[in-house]
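Take a look at the structure set out below.
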Amino acid sequence: MNDVLPVARPDKAWLHSARWRAVERVFQDVCRLSGYREIRTPVMESTELFTRSIGEGTDIVSKEMFSFETRGGACVTLRPEGTAPVIRAYLENGLASEGSLTKLYYIARVYRYERGQKGRYREHQQTGVEVLGSAEPLVDAEVISLAVEFYRRLGIVDTELRINSVGCPGCRPGYREQLLDFARPLLDQMSADNRTRFATNPLRMLDSKETQDRQALQDAPRLVDALCGGCAAHFAALCDLLRLLEIPFSLDPHLVRGFDYYTRTAFEVVSRGLGAMSAIGGGGRYDGLVEECGGPATPGIGFGIGTERCLIALESAGIDLPIDDEAPVAFLVAMGPDERARAARLLLDLRRAGVSCDADYGARSMKAQMRQASRLGARWAVILGEDELSRDGCSLKDLQGGAPQCEAPLASLVELLSQ
RNA sequence: GCGGUUGUAGCUCAGGCGGUUAGAGUGCCAGGUUGUGGCCCUGGAGGUCGUGGGUUCGAGUCCCAUCAGCCGCCCCA
């Protein structure tokens with residue numbers, strides 16, 4: 001299991017909870033600066049929500065969902081992605097207000113029943129945003145720039161942004177016919193998977209990474225050339241905006257992505273040199289999804305970013321984000337039962353004053369307590385012995401500096417350590 | 001879903017052709033220092049050998065299944 005461990009137990013660097021917090025903090029900062037608000041949705045939703053939104057023919061729905069029946073006989077699924085639950089919550093809680101945008105972000109554990117490997121886990125985390133209520137290319141550009149800005153702030157610079165337009169229900173069927181006509185004579189040159197896709201989900205043939213499929217479809221008609229007027233104008237406007245924002249991108253006419261709900265803009269951020277696990281984020285526009293989920297026709301766009309993949313990318317790039325200092329300021333060393341009781345009171349007083357502190361709770365030797373203080377990285381050892389307590393004082397030893405040990409009155413301890 | 005590989009102490013790993021009380025390093029605990037961390041020395045504790053079956057007089061070792069990790073494919077974050 002990929003447990004996320006405290007910093008004090010060194011393991012794979014990216015498994016430290018402090019690093020997760022650091023990445024999440026960067027994401028939250030970027031979102032907050034851009035006017036997004038956090039939404040938290042349940043891990044479990046009705047199965048139907050996902051089969052309808054993601055699409056029956058997709059890999060995720062057909063073989064990768066953790067689905068089961070409740071005691072009451074309802075079919076539920078652990079969410080395999082973040083968008084559909086957000087849409088459901090948006091509708092159910094009336095977050096839409098007439099004629100205005102809703103900008104949301106989420107940090108969600110998601111679940112897919114698939115074979116694990118580096119950077120791919122059955123339970124993983126995605127951070128993402130959803131913008132509901134606008135079809136303006138300006139919004140597409142903001143969402144993409146938000147994702148790019150997140151990577152930039154993390155320091156992951158070895159990335160490439162790929163975009164495409166997958167059209168709309170108006171122009172896609174026409175393209176679909178073009179593609180089918182092109183592929184039909186080439187069917188025997190393609191993989192079994194692609195022959196299946198030919199019948200079930202032709203656009204996904206383009207996404208195949210099999211070399212035989214890539215070769216066969218190399219000169220296939222491009223979706224971007226078959227867009228209707230509205231989609232073409234939208235895509236052109238987005239490309240202009242990205243250039244204005246100085247966000248480098250490449251056009252990938254074969255980019256389709258794994259969800260059926262995408263319309264027009266689709267994009268992916270890949271981190272080069274990470275082998276099988278190249279995509280570290282992706283998203284797109286889904287102008288029909290809200291309606292599909294039972295709401296009013298509402299355009300939307302969003303993206304999802306894999307937290308684990310970001311952490312691995314950071315690790316392999318040798319980037320150390322600033323992480324929380326978990327070392328206590330003070331460690332109380334108590335010599336006997338009376339002193340331990342006194343220490344308990346001091347711990348409370350110090351903590352109330354905002355001074356992080358800890359102590360040993362057993363009857364261990366002074367040497368062992370000092371060793372623990374040192375190991376925890378405490379700045380001060382506060383020594384409570386019979387002698388000191390008889391004078392209502394304690395000995396203060398600086399475990400990191402070279403200052404000589406001194407005695408201080410207990411009454412002044414909180415003030416001394418608060419500095 | 002497919003292929004390869006690994007699973008032994010908290011951690012990193014040894015354990016020729018199956019044979020008696022399963023080892024090392026590190027970490028942990030105690031002592032050396034009757035009340036003082038890091039360095040050093042000595043000692044100690046700690047293991048259902050991933051799990052479940054099977055073969056055998058006897059399985060950490062061989063066989064099967066299963067789970068998990070890692071790597072590749074597919075797909076995706």
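A note on names: the letters A, B, ... follow the listed sequences, proteins ahead of strands, and every chain is numbered from 1.
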Can you see if the side chain of A:Q117 gets near the phosphate of B:G69 - specifically, an N or O under 4.0 Å from OP1 or OP2?
no
Categorize A:I305 for me: base, sugar-phosphate, or nothing, with a 4.0 angstrom heavy-atom threshold over every strand shown.
nothing
Determine the contact category for A:A378: base if any of its heavy atoms lies under 4.0 Å from a base atom, sugar-phosphate if only primed atoms, P, OP1 or OP2 are that close, otherwise nothing.
nothing
Between A:Q189 and A:Q215, does a side-chain hydrogen bond (donor to acceptor under 3.5 Å, both in side chains) hold up when you go through it step by step?
CA-CA 9 Å; A:Q189 296 173 29; A:Q215 279 171 2; over 6 Å; no
Same-atom distance (C1') from B:C49 to B:U21, integer angstrom:
16 Å
If I pick the P atom on B:C29 and the same atom on B:G38, what distance separates them, to the nearest angstrom?
11 Å
So, does A:R309 get its side chain near the phosphate of B:C76, meaning an N or O under 4.0 Å from OP1 or OP2?
no
Write down the partner of B:G19 under the Watson-Crick or G-U wobble criteria, each distance required to be under 3.5 Å.
B:C57
B:G16 versus B:G72 - spacing of their C1' atoms, nearest Å
32 Å
To the nearest angstrom, how far is A:F331 atom CZ from B:G38 atom P?
14 Å
Give a yes or no on whether a donor-acceptor pair under 3.5 Å exists between the nucleobase atoms of B:U36, that is its base, and the side chain of A:Q405.
yes
Between A:E114 (CD) and B:G72 (C1'), how many Å, whole number?
15 Å
Would you say A:S365 places a side-chain N or O within less than 4.0 Å of OP1 or OP2 belonging to B:G35?
no
Parallel, tilted or perpendicular, judged at 30° and 60°: which one describes the rings of A:Y261 and A:Y286?
perpendicular
For the pair made of CG in A:D59 and P in B:G1, what is the distance, rounded to whole Å?
13 Å
Any ion pair linking A:R195 and A:E210 (charged N to carboxylate O, less than 4.0 Å)?
no
A:N194 or A:G385: which one's nearest nucleotide on RNA chain B is closer to the 5' end?
A:G385
May I ask which nucleotide in the shown strands pairs with B:C28, Watson-Crick or G-U wobble, both distances under 3.5 Å?
B:G44
Whether A:R371 contacts B:A30 is assessed here as follows: a side-chain N or O lying under 4.0 Å from the phosphate OP1 or OP2. Is that the case?
yes
Side chain A:Q126, main chain A:I107, donor-acceptor under 3.5 Å:
no
With heavy atoms under 4.0 Å as the rule, sort A:Q372 into base, sugar-phosphate or nothing.
nothing
Any N/O donor-acceptor pair, A:Q400 side-chain to B:G37 base, under 3.5 Å:
no
Using atom P in both nucleotides, what's the gap between B:G54 and B:G47 to the nearest angstrom?
26 Å
What contact category does A:F259 fall into here, base, sugar-phosphate, or nothing, at under 4.0 angstrom with non-hydrogen atoms?
sugar-phosphate
Can a side-chain donor-acceptor contact be found between A:T41 and A:R79 if the only test is distance below 3.5 angstrom?
yes
Interatomic distance, A:K397 NZ vs B:U36 P [rounded to whole Å]:
9 Å
Rounded to whole Å, CD of A:E386 lies from C1' of B:U36 at a distance of 17 Å
Per nearest nucleotide of RNA chain B, the residue lying toward the 5' end, A:Y113 or A:G281, is A:Y113
Look at A:R364 and B:G37 and indicate whether a side-chain polar atom (N or O) is within less than 4.0 Å of OP1 or OP2.
no
Under 4.5 Å between any side-chain heavy atoms of A:N164 and A:V224, yes or no?
yes
In whole angstrom, give me the gap between the P atoms of B:A30 and B:U36.
14 Å
Considering only the P atoms, how many Å lie between B:A65 and B:G27, rounded to the nearest integer?
42 Å
Interatomic distance at P, B:C39 relative to B:U20, whole Å
38 Å
Please report the shortest heavy-atom distance between A:P185 and A:F182, naming the atom on each side.
CD-O, 3.4 Å
Does A:R375 place a side-chain N or O at less than 4.0 Å from the phosphate oxygens OP1/OP2 of B:G37?
no
Look at the side-chain N and O atoms of A:R257 and state whether any lies under 4.0 Å from the OP1 or OP2 oxygen of B:A77.
yes
Shortest side-chain distance from A:M335, nucleotide among B:C75, B:G35, B:A30:
B:G35
Can you name the nearest heavy-atom pair linking A:I54 to A:P80, along with the distance?
CD1-CG, 3.9 Å
Tell me the interatomic distance from A:I54, atom CD1, to B:A77, atom C1', rounded to whole angstroms.
13 Å
Which part of the nucleic acid, if any, lies within reach of A:D193 when heavy atoms closer than 4.0 Å are counted: base, sugar-phosphate only, or nothing?
sugar-phosphate
Are A:L251 and A:R162 close enough that some pair of their side-chain heavy atoms sits under 4.5 Å apart?
no
Which part of the nucleic acid, if any, lies within reach of A:S191 when heavy atoms closer than 4.0 Å are counted: base, sugar-phosphate only, or nothing?
nothing
In whole angstrom, what separates A:R112's CZ from B:G1's P?
17 Å
Counting just side-chain N and O atoms, does A:R197 come under 4.0 Å of either OP1 or OP2 of B:C75?
yes
Atom NZ of A:K63 and atom C1' of B:C76 are separated, to the nearest Å, by 11 Å
Protein N or O to nucleotides 39-41 of chain B N or O, pairs below 3.5 Å:
none

Is it true that A:R257 and A:D207 make a salt bridge, defined as a side-chain N closer than 4.0 Å to a carboxylate O?
no
